[in-house]
**Q** 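Mind having a look at this structure? Questions to follow.
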Amino acid sequence: MKIRNVLFSATICLMLAGPAALFCMHSVAKVPLPGWLTSEDAAYLSGGSEKSAEGIRGLLESGIEGNIPFKAFALLGNAATQRVFIESSNLLFDWECFPTYYGSDRVYVPRFNALGTMQGDAAEEWAGGMRAFSSKLSEFAHNHLDVEFHVIVPELDRTAKVSPIADLTSDYIDTQDLVELMKGECGQADNVEIVSKSYSSYAAFLHDYYSTDMHWNGYGAINAFNEAMNQGGPAYHALGEIEMGGDYFYNGDIARAGLMLLDERIAEPRMVTSGLSTGQDQGYLLLKDGTVQMAESGIYGEYNFYSLWYGGDRAMCIASDNSENGNALVVSDSFGESFRWVVADNYSETHSVMDLRGNSVGSETLADRLVLSKAKEVFFVATPPDYSTFLVRRPRYFS
């Protein structure tokens, strides 16, 4: 009896003191520990460690929470267990998709082995901000008739009309409806074009978009550019396809938040990189002709493939020896990371800025950007929520 009590007490003490002990070993004594023994592998998942308070309290909370053994295993395992019951109950209703765990706004589409995001109430608020963006751009364009403006609205899994998620949402708002609203505010501005590539089926959509992440892949960026250029501009054609086997797979933002890792295999178009230069150490694949390698590997590369592959959400200027069409300016959120490489092959210089990114603020104006870039063609590329909040974050942009 005494031995059993001792073992029970030791187990309880280990469970209670384990995270603190691991924190001291890892952060104070600098003892290297495998990722599974801390929460390093859970850092990108829903429920990953975040600093919840400042000072000593915040340090202790985030430090100890960040050293819980098998945290990712527990998060993913719990969600997987809940999915068993959700999928079983769905046998009665036969919905084409269902939540990845109880209370999740991410859904799984088993027929296509893909993930998506429920639209939510916020979509109702997008229309007003997108109209305001279009109206202000129209006024600006009227005063800059020597510049062509293209507004590109990517499809999202939660706004695509062909998405199975549409059947689960009342008063569903799709991308084409939002584009029509923007066009209505644009008036008679002949130098402004607003487009969005639509899809005839969910399978066609998934060809251009990742199945575990909200972003389009390189094919989506190419098709969006060609959609904008369908009035006679230059078309872009990939050189082929890069298929990556081995350890290359992707678990994007939807997979991480939904706690369902699908290990999506990747096939990206081989884009034109010969003749392009950024004037900086890129460190990514696109300027390494003929190679297939990433600057980061392991868990960081698995969870951040899109950003790593296309260079990250930073401003850059790409010079091209392949074109004498003058300069272009790409104003975007993260969807522009891939899109700018398509633009770059068709213009002498492509200046890319991330002003439309959801957390981007600043005093820069579009007039400033045009002066610095000397661009005669501007591409706006962003999702509906980022268009909708843009003038709140940058109210003087079109001044």
**Q** Using atom types as modelled and distance alone, determine if a side-chain donor or acceptor of E227 lies under 3.5 Å from a backbone N or O of K197.
**A** no

**Q** Is there a donor-acceptor pair closer than 3.5 Å between any side-chain N or O of Y209 and the backbone N or O of A204?
**A** no

**Q** Kindly write out the residues that satisfy side chain to side chain contact (heavy atoms under 4.5 Å, CB included) with D146, not counting sequence neighbours, or none if the list is empty.
**A** H144, K376

**Q** The criterion is side chain to side chain contact (heavy atoms under 4.5 Å, CB included); which residues satisfy it with T175, sequence neighbours excluded?
**A** V153, E155, T159, V179, S196

**Q** Any chance the rings of Y202 and F112 have centres within less than 6.0 Å?
**A** yes

**Q** If the condition is ring pair (Phe, Tyr, Trp, His ring centres under 6.0 Å), which residues does H207 pass it with, not counting sequence neighbours?
**A** Y219

**Q** Could you pull out all residues at least two apart from H150 that satisfy ring pair (Phe, Tyr, Trp, His ring centres under 6.0 Å)?
**A** F379

**Q** Is it the case that the side chains of N217 and D208 hold a donor-acceptor pair, with the cut-off being a distance below 3.5 Å and no angle test?
**A** no

**Q** Return the minimal non-hydrogen interatomic distance between K161 and Y172, and the atom names on each side.
**A** CA-CE2, 4.3 Å

**Q** Using the side chain to side chain donor-acceptor pair (under 3.5 Å) criterion, which residues pair with E96? Sequence neighbours excluded.
**A** R111

**Q** Show which side-chain atoms of residues 128-137 pair as donor or acceptor with protein atoms under 3.5 Å away, not counting sequence neighbours.
**A**
from	atom 1	to	atom 2	distance (Å)
S134	OG	M182	O	2.6

**Q** Can you tell me if T365 and D368 form a side-chain donor-acceptor pair at under 3.5 Å?
**A** yes

**Q** Can F149 be reached from V381 by stepping across I, L, V, M, F, W or Y side chains whose heavy atoms are under 4.5 Å apart?
**A** no

**Q** Flag the pair F339 / F335 as yes when their ring centroid distance falls below 6.0 Å, and as no otherwise.
**A** no

